**Q** 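Here it is: the structure, laid out below.
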Number of protein chains: 2
Amino acid sequence: MDNVERRSGISLWRQIADQIRIAISNGEFDGNNMLPGEIALAKRFSVNRHTVRSAIASLTQEGVVRVEQGRGTFIERRERLQYPIGRRTRFSEGLAGKIGPRDRHLKNHTLQPAPAFVSTALQLAPGAPVVQLETVNTADDQLVSRAISWFDGERFSDFADRYVEYGSITAIFKSYGIDDYIRVSTRISAHHADSTTLEDLQLSPGAIMLRTEAINADMNGRPVEYSHSYFAADRIELDIDHGTALRA
Amino acid sequence: MDNVERRSGISLWRQIADQIRIAISNGEFDGNNMLPGEIALAKRFSVNRHTVRSAIASLTQEGVVRVEQGRGTFIERRERLQYPIGRRTRFSEGLAGKIGPRDRHLKNHTLQPAPAFVSTALQLAPGAPVVQLETVNTADDQLVSRAISWFDGERFSDFADRYVEYGSITAIFKSYGIDDYIRVSTRISAHHADSTTLEDLQLSPGAIMLRTEAINADMNGRPVEYSHSYFAADRIELDIDHGTALRA
DNA sequence: TATGATTTGTACGTATGTATC
DNA sequence: AGATACATACGTACAAATCAT
């Protein structure tokens, strides 16, 4: 019987969370990979069931366990896929060992006047038309991200149609006469997942998303794509390629 | 008096969280930038105080509000500092507009045999001695990150001593005859903050951290620094510099 | 400086709803 | 259908932090 100390300056739920975390790493629950029920844990630590629930809620936040209503509390351990980001990353190309087959599912597309932040990023006149694509993306058959991308509506008016035909962004750009393009900027931040991302990526409430804001440009330096991507943080890590050539 | 609907298939706390979020964006609490007390909110929505607390806990997770015991619940909105990461980023150099004066505080340092993952990253023999530095870092007088860095213990045995003397990493490397170094790899992931990071960066429980795992090398391609950094995700965003020169 | 009022945090108990097996 | 397990919601009491007086 484990014990917890009252009036120690550390709340019971935190002491219990700590002890459960240690018990997990000691392999105590390796058999069926799940915790005992809340009532059993409450008895084990001699506290109320709700105190155990507070501890489990905390461990859920940390990503240590995952709770399923009616089934139980499961120990969570998943390797993160390595998702490459670089000046010349091409997803259609084979990538050295990192991440497997990718797929994009087109959720929605529109042709509309650009919001201010989009026209700025694409260096277009305010309110110029832009094509907007919303996709949900998988890698190794796992949902990993959703993205919203914008393209110059004058230059790429039927971008969405070609999407179905060509499949890859690289191929579509080629069809417009753009043989090459490069990533010129990427901004990365982390947030709690919003409701759209929770749904699209089938995440649990409280999940974390990695957000990237990126601009790609053609070889004249003219922006051709602006995008916001939201990755399931517990499924991937971003692997930044800083280039291999030495430069002065 | 706002109302919530029971037995609607949506829990009361979620309905309340949604209504509070909307009220915030409507500017309803702009006066003192904080929510009414829990009891007042409970009366407003005709529910128990704990139901309100569940709603507020959810909003805290989203980063919409921040709770301070004995004071109240405050509306959270802070601009993220833009933190540059690139092949040749130098923190002692002036950086274009992005982020202000930086400072590192040395928390701890040791000289010890390298753990396996460190010797691998630095391309040293297993168990070779390494200098380990633990720092807490500020930018614009705000706590932004903590870091653990490792250096070859043979090559840089008195690294920690020189730290006090020189202040900047670049200057220390120069003192060892390394005039230049570059970032060769960066891996970025997001997690819930662990207890050490919570404490070092004075974060609230449930906060998110951005983790970077980085290797710097000298101009011969020999690794000179391996580091793990943990950033307060609500205070910064990482701005990846992909370089400006065009390369084949 | 001290004290009381206010506000959030912890912990208990109880009842009922919902999902799974 | 029944048993089990987690989810929601109510209530009560007291602790801890903050703030005004």
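Note on naming: letters A, B, ... go to the chains in the order of the sequence lines (proteins, then strands), and numbering restarts at 1 for each one. What you are looking at is a predicted structure, and each value in this text was computed from that prediction instead of being measured.
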**Q** Do Arg211(A) side-chain atoms and His228(A) backbone N/O form a donor-acceptor pair below 3.5 Å?
**A**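 No, Arg211(A) side chain to His228(A) backbone: no donor-acceptor pair under 3.5 Å.
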**Q** Just by distance, do the side chain of Gln19(B) and the backbone of Asn3(B) share a donor-acceptor pair under 3.5 Å?
**A** yes
**Q** Among dT8(C), dC10(D), dA15(C), which nucleotide sits nearest the side chain of Val67(B)?
**A**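 Comparing dT8(C), dC10(D), dA15(C) against the side chain of Val67(B), the answer is dT8(C).
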**Q** Are Trp13(B) and His50(B), when compared by the centres of their aromatic rings, separated by less than 6.0 Å?
**A**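 Trp13(B) vs His50(B): aromatic centres not under 6.0 Å.
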**Q** Please list each protein N or O that sits under 3.5 Å from an N or O in nucleotides 18-21 of chain D, with the distance.
**A**
{"residue": "dC19(D)", "atom": "OP1", "partner": "Arg71(B)", "partner atom": "NH1", "Å": "2.4"}

**Q** Check this for me: does the side-chain of His50(A) come within 3.5 Å of the base of dT14(C) through a donor and an acceptor?
**A**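 Counting by modelled atom types and ignoring angles, a donor-acceptor contact under 3.5 Å is found here.
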**Q** To the nearest Å, give me how far apart CD1 (Ile16(B)) and P (dC10(D)) are.
**A**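 Rounded to the whole Å, the gap is 8 Å.
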**Q** Side chain of Arg14(A), base of dG9(C): donor and acceptor closer than 3.5 Å?
**A** no
**Q** May I ask you to verify if any side-chain N or O of Thr73(A) is less than 4.0 angstrom from the OP1 or OP2 atom of dA5(D)?
**A** no
**Q** Tell me if the CD atom of Glu68(B) is crowded by more than 12 foreign heavy atoms within 6.0 Å.
**A**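 Atom CD in Glu68(B) is crowded, with more than 12 foreign heavy atoms closer than 6.0 Å.
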**Q** Using only side-chain N and O atoms of Arg53(A), determine if any of them is under 4.0 Å from OP1 or OP2 of dC12(C).
**A**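 No, outside the criterion.
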**Q** Suppose we define a pair by two distances each less than 3.5 Å, Watson-Crick or G-U wobble; what does dT12(D) pair with here?
**A** dA11(C)
**Q** Could you tell me whether Asp30(B) atom CG has more than 12 heavy atoms of other residues or ligands within 6.0 Å of it?
**A** yes
**Q** So, OP1 or OP2 of dA9(D): does either fall under 4.0 Å of a side-chain N or O from Asn48(B)?
**A**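 Result: no.
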**Q** What nucleotide among dA9(D), dA7(D), dA11(C) has an atom nearest to a side-chain atom of Trp13(B)?
**A** dA9(D)
**Q** Ignoring hydrogens and angles, tell me if any N or O in the side chain of Gln15(B) forms a donor-acceptor pair with the backbone of Glu5(B) under 3.5 Å.
**A**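 Checked: pair present.
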**Q** Measure from CD on Glu38(B) to P on dA5(C) and round the result to the nearest Å.
**A**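 For the pair Glu38(B) CD and dA5(C) P, the rounded distance is 20 Å.
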**Q** What is the distance from CG of Leu59(A) to C1' of dC6(D), rounded to the nearest Å?
**A** 16 Å
**Q** Just how far, in rounded Å, is P of dT7(C) from CG of Asn32(B)?
**A**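 Those two atoms, CG and P, are 12 Å apart.
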**Q** What is the distance, to the nearest angstrom, from the CG atom on Leu41(A) to the C1' atom on dA5(D)?
**A** 12 Å
**Q** Please give, in whole Å, the distance from dC12(C) C1' to Arg49(B) CZ?
**A** 14 Å
**Q** Measure CE/Met34(B) against C1'/dT8(C) and give the value in whole Å, please.
**A**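 Rounded to the whole Å, the gap is 11 Å.
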**Q** Would Asn137(A) and Ser145(A) count as having a side-chain donor-acceptor pair, cut-off 3.5 Å?
**A** yes
**Q** Expressed in angstrom and rounded to an integer, what is the separation of Ile39(B) atom CD1 from dT8(C) atom P?
**A** 8 Å
